[in-house]
Amino acid sequence: MRDPQFNEFEKRLHRIDQIHQAGGAFEASGSLGRSYFDSVRPKARCALPLRGVALVLAGALLFKGLMLAEIGQQDYNARVASLADGSIFERIGAWVMHADAATQAIAGVIWPLLH
């Protein structure tokens, strides 16, 4: 017959093994153990920096608006049309550079400042 205290001891050992397998360990009070470093570890960042993408898109819109305000609607459309007749990369550039509503609104704000 087994001792009941031995059964409790085995249960405790099993629980400690489970904690160790999960990555836990004994930590004395006041020590800098794993729980401290897990709480201080920098948080994971998003794979795609959304702020950077938004800034690039805003810069592209501002650039398009500045060009449209500087050279005018007619010349701008003629240059985009000439890009559309070129190679695949020039066609992509024409698609990116077409004068959309946001570009025209930005050009409308910039035009009085330039002229």
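The first residue in the sequence is number 1, and the count goes up from there. Since the structure is predicted, the reported quantities are computational estimates derived from the model, not experimental observations.
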Each residue besides [X] in its hydrophobic cluster should be listed here, by chain and number; the cluster joins Ile, Leu, Val, Met, Phe, Trp and Tyr at side-chain heavy-atom distances under 4.5 Å.
{"X": "W111", "value": "none"}
{"X": "V56", "value": "none"}
{"X": "L114", "value": "L61, L62, L66, I106, I110"}

Show me the donor-acceptor pairs within less than 3.5 Å that the side chains of residues 94-103 make with the rest of the protein, sequence neighbours left out.
from	atom 1	to	atom 2	distance (Å)
H98	ND1	W95	O	2.5
D100	OD1	T103	N	3.1
D100	OD1	T103	OG1	2.3
T103	OG1	K64	NZ	3.4

Report, one line per pair, each donor and acceptor closer than 3.5 Å where one atom sits in a side chain of residues 81-91; sequence neighbours left out.
from	atom 1	to	atom 2	distance (Å)
S82	OG	R79	O	2.7
E90	OE1	S87	N	3.0
R91	NE	G86	O	3.2

Contacts table for residues 6-17: side-chain donor-acceptor under 3.5 angstrom, sequence neighbours left out:
from	atom 1	to	atom 2	distance (Å)
E10	OE1	R2	NH2	3.1
E10	OE2	R2	NH2	2.9
H14	NE2	Q18	NE2	3.1

Handout entry: Single-linkage hydrophobic cluster L57~L55, side-chain heavy atoms < 4.5 angstrom
Key =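 L57 and L55: separate clusters.
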
Exercise for the section: Over all heavy atoms of both residues, which pair between A107 and A69 is shortest? Give the atoms and the distance, please. Expected result: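 In terms of heavy atoms, the two residues are closest at O-CB, 3.7 Å.
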
